[in-house]
> 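What follows is a single structure, and I will ask about it in a moment.
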Number of protein chains: 2
Amino acid sequence: MTAQRRGLGTNQEAVRRHNLGTVLRHVHGAGQISRAQLTALMGLNRSTIADLVLELESLGVVEQTVPSGVRSGAGRPSAGVRLAGVGPYVVAVDLGVDRAVVARVALGGEVVERAAAPIPVGGGEAWQVGSTVAGLIRRVVEGAPAAAPLLGVGISVPGLVRRSDGLVRLAPNLEWQDVSFGAIVLAALGVDVPVQLANDADLGALAEHRRGAGVGIDDLIYISGNVGVGAGVITGGVRLEGAGGYAGEVGHLPFAPEGRLCHCGNIGCWETEVGAHAIAAAIGCPESDVVTLGDVLDEYAGPHRALGATGKALGYGLASIVNAFNPRLVVLGGYLSSLYALVRHEVDDALAERALPAPLESVTLSLPGLGSDSVLLGAAEIALEPLFADPVAALGTALVDVGARLAG
Amino acid sequence: MTAQRRGLGTNQEAVRRHNLGTVLRHVHGAGQISRAQLTALMGLNRSTIADLVLELESLGVVEQTVPSGVRSGAGRPSAGVRLAGVGPYVVAVDLGVDRAVVARVALGGEVVERAAAPIPVGGGEAWQVGSTVAGLIRRVVEGAPAAAPLLGVGISVPGLVRRSDGLVRLAPNLEWQDVSFGAIVLAALGVDVPVQLANDADLGALAEHRRGAGVGIDDLIYISGNVGVGAGVITGGVRLEGAGGYAGEVGHLPFAPEGRLCHCGNIGCWETEVGAHAIAAAIGCPESDVVTLGDVLDEYAGPHRALGATGKALGYGLASIVNAFNPRLVVLGGYLSSLYALVRHEVDDALAERALPAPLESVTLSLPGLGSDSVLLGAAEIALEPLFADPVAALGTALVDVGARLAG
DNA sequence: CGCCTTTCGTTCACCCGCACAACAAATCCG
DNA sequence: CGGATTTGTTGTGCGGGTGAACGAAAGGCG
């Protein structure tokens with residue numbers, strides 16, 4: 001990955017950076033990998049890999065293990081490389097519409113500790129939410145080894161996030177507009193660590209691509225059903241961001257010009273058919289339960305007919321998305337995974353009916369491979385990104401002894 | 001550009017390749033550039049740039065010039081680097097629905113020679129078209145200096161092209177399905193050169209990004225109006241291809257569920273509103289002139305009202321595209337540029353009405369900076385791509401003395 | 001059970017390619 | 001005309017990946 005900044009030349013420091021980062025990326029992805037595999041994957045010399053691993057070991061991010069018992073043919077067994085026991089970690093924040101989930105995530109993607117708290121419906125003031133989140137962060141960071149460096153915080157937001165500076169331009173369900181949530185959380189924490197913000201669907205896509213149902217698939221879309229509907233797009237193995245970072249707003253694709261009024265001001269947006277409010281209305285679920293629609297759907301035992309039209313609408317909308325982006329995989333996240341389990345047939349049929357044959361033949365619908373943690377783990381991934389871009393620099397600026405610093 | 005193949009390591013040969021290619025890319029883009037500018041742009045040392053330029057000079061692709069007369073401040077004037085007089089070239093083919101345009105294009109993007117021929121309406125047999133194209137290629141190559149190497153052929157196709165092998169999966173207006181047009185042209189030519197095929201809108205986007213209205217803009221969309229309607233997407237400076245290469249098929253986004261039947265089998269696709277047939281019907285233009293709708297529109301003097309609804313439909317569709325891809329620039333190509341000139345106001349208004357505020361605020365609509373040559377020049381660009389990825393290898397395998405070889 | 005084969009780790013010499021410093025050259029400016 | 005500025009040129013240095021040689025650790029086979 002890491003396309004070099006276009007137009008720039010490459011010097012040898014950049015080579016070292018890139019190779020160190022790539023080794024680390026592989027270890028992060030596989031958890032445990034042999035040096036022999038690394039040479040094969042990266043196409044570098046044995047001795048080079050040895051040196052790279054040695055440097056990462058001296059940085060305290062990986063450990064070498066004696067050859068694992070698992071054998072594979074003849075020859076001397078290769079030394080293993082795995083993540084260090086007390087290695088760097090990040091804090092991931094999944095800001096939902098009704099609650100915030102915060103986790104300490106180790107390099108490697110394991111959720112070591114997690115905490116959650118409700119958010120007042122309608123979001124509440126941003127500084128209030130920021131204070132809640134800061135409290136959760138303190139809690140999950142508390143138990144971390146003092147020697148372990150904190151690399152940064154990744155925050156998922158259910159709304160439009162400007163990529164240049166992480167400003168939350170619009171989060172309808174939190175009733176936020178132009179909120180600098182990263183700064184708010186940092187202020188509440190009282191420390192200065194790198195903070196990355198991004199849209200929830202984008203992060204769901206990233207996580208499913210790196211560690212979920214989309215491993216090895218370079219073109220995938222994650223559709224997030226989370227009151228509103230949005231899409232995160234991975235194309236060519238890279239996040240599709242768009243000029244401002246707002247790409248993937250598929251909730252307002254036109255669907256039924258004679259349909260319902262959407263909160264965006266138009267009529268018949270896709271979201272008015274497959275959004276949480278629409279589905280709640282279809283199955284007679286009270287407004288107050290809309291934010292937990294996934295759970296409601298999981299326990300739904302009403303007439304199948306009530307959801308048939310919704311399934312069809314989902315499939316039709318997916319057809320547009322498949323035509324426009326030509327993904328190999330579409331992951332249905334949030335309550336859409338629950339919905340898909342109920343009306344799979346209608347969705348598949350509607351998709352097949354409206355999508356063009358060529359993009360249709362290579363696409364698969366699937367449930368998230370990471371369950372309901374896709375978005376949370378995606379937040380961890382963006383926080384880890386600087387580490388892969390330049391391990392030495394990222395570890396150099398990382399915060400150690402975080403527990404003590406946050407005590408105040 | 002040239003993201004390294006992900007997961008791979010970088011060795012020093014790759015560094016040299018990348019740097020040579022990047023220098024060449026800059027010369028290709030600017031036509032004439034000083035070594036001092038190259039050092040600034042690429043962030044490399046003066047001596048390194050000098051060496052790179054020297055190597056490119058010895059490869060015969062660039063020439064160094066005495067400092068140009070144009071001065072800029074104090075200091076010793078920097079030596080210029082420009083394209084070699086007898087440098088490498090490519091053949092670009094723009095396969096339209098009614099005619100094929102073929103050009104010999106030099107490194108630097110200049111069309112040195114061009115030729116065109118009509119194609120029977122409905123496409124005709126692929127081998128027939130291939131033979132026509134081969135004849136045009138012979139004609140434009142004839143005048144090339146014998147010493148100049150031919151790097152390859154780039155072909156634009158108005159349809160879905162599979163990116164893995166260049167197979168034309170579907171070209172509705174040529175009535176082709178699963179045609180291996182690259183192989184057909186090569187067979188008709190009787191020589192073996194690298195051939196690249198791609199969708200016309202994708203190539204329009206590429207050309208406008210590299211040499212047209214979108215220079216310096218990393219997120220843009222080119223909408224091609226060419227009987228059907230398609231989009232080519234550049235995102236993050238890279239072509240959005242999708243899993244199979246079919247990304248950008250926006251012609252069949254749903255628009256009016258109660259609308260007209262589309263040839264794809266659905267009802268009310270966007271294309272049924274803004275496609276050439278729909279516009280022709282709206283202005284009372286005979287079916288036979290549909291393929292030259294752009295010219296018809298340029299001379300259109302009928303009532304403005306007849307096109308108002310079409311303009312609105314165009315704007316609404318663009319809003320969906322802006323929401324989904326968040327481009328900074330949308331270039332309206334083909335007959336859409338003529339249409340836009342007539343109903344700019346309706347289009348702008350409709351776009352502003354339906355697009356979300358955040359992506360809307362940074363987007364601009366524009367006409368092609370390359371006129372009607374966008375697609376043709378895009379075909380040249382893909383044929384040049386291997387040269388930038390690895391100048392030494394590309395020139396090593398390039399064909400010289402092509403005129404003589406093609407004589408038979 | 002011993003030996004061969006295979007695969008991998010380790011070491012060291014090598015080389016490629018970029019950086020850097022020093023000096024010369026060319027231009028602008030006061 | 002001389003200093004300041006910017007660039008070209010040259011030679012040296014160094015980082016870092018390569019490759020060969022050798023030893024080590026396994027499996028396989030007679």
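Quick note on labels: first sequence line is chain A, next is B, and so on, each numbered from 1.
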> Write down the distance between CG (B:Leu44) and C1' (C:dC20), rounded to a whole number of angstrom.
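About 14 Å, once rounded to whole Å.
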> For B:Asn19, answer base if it contacts any base atom (sugar-phosphate contacts may also be present), sugar-phosphate if it contacts only those atoms, and nothing otherwise; contact means non-hydrogen atoms under 4.0 Å.
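Sugar-phosphate: the residue B:Asn19, judged by heavy atoms under 4.0 Å, touches backbone atoms but no base.
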> Nearest whole angstrom, please: distance from the P of C:dG17 to the CG of B:Leu20.
9 Å
> Given atom CD1 of B:Ile49 and atom P of D:dT10, what is their separation to the nearest angstrom?
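These atoms are roughly 17 Å apart.
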> Just jot down the side-chain contact (heavy atoms from CB on, under 4.5 Å) partners of B:Ala247, sequence neighbours excluded, or say none.
A:Asn326, B:Leu240
> For A:Asn19, enumerate each residue passing the side chain to side chain donor-acceptor pair (under 3.5 Å) test, keeping only those at least two apart in sequence or located in another chain.
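A:Asn19: no side chain to side chain donor-acceptor pair (under 3.5 Å) contacts found.
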> Only counting residues at least two apart or in another chain, list the ones meeting salt bridge (Lys or Arg N to Asp or Glu O under 4.0 Å) with A:Arg328.
none
> How does each nucleotide of nucleotides 6-16 of chain C score, in 5' to 3' order, for protein heavy atoms under 4.0 Å: base (B), sugar-phosphate only (S), or none (-)?
BBBBBB----B
> OP1 or OP2 of D:dT18 less than 4.0 angstrom from a side-chain nitrogen or oxygen of B:Asn11, does that happen here?
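For B:Asn11, the contact criterion (side-chain N or O under 4.0 Å from OP1 or OP2 of D:dT18) is met.
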> Taking CG from B:Leu54 and C1' from C:dG17, how many angstroms apart are they, rounded to a whole number?
14 Å
> Provide, to the nearest angstrom, the distance between the CZ atom belonging to B:Arg17 and the P atom belonging to C:dG17.
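Going from CZ in B:Arg17 over to P in C:dG17 covers 11 Å.
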> Expressed in angstrom and rounded to an integer, what is the separation of A:His18 atom NE2 from D:dG16 atom P?
15 Å
> Do A:Ser34 and A:Gln37 meet the criterion of a side-chain donor-acceptor pair at a distance under 3.5 Å?
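Side-chain D/A pair, A:Ser34 to A:Gln37: present.
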> Output a table of donor-acceptor pairs, distance under 3.5 Å, between side-chain atoms of residues 390-398 of chain B and any protein atom two or more places apart or on a different chain; print 'none' if there are none.
residue: B:Asp390; atom: OD1; partner: B:Val392; partner atom: N; Å: 3.4
residue: B:Asp390; atom: OD1; partner: B:Ala393; partner atom: N; Å: 3.2
residue: B:Thr397; atom: OG1; partner: B:Ala393; partner atom: O; Å: 3.4
residue: B:Thr397; atom: OG1; partner: B:Ala394; partner atom: O; Å: 3.4

> Not counting sequence neighbours, list each pair that qualifies as a salt bridge (Lys or Arg N to Asp or Glu O under 4.0 Å) and has a residue in residues 234-243 of chain B.
B:Arg163-B:Glu241, B:Arg239-B:Glu241
> What is the separation between atom CG on B:Leu52 and atom C1' on C:dG17, rounded to the nearest whole Å?
9 Å
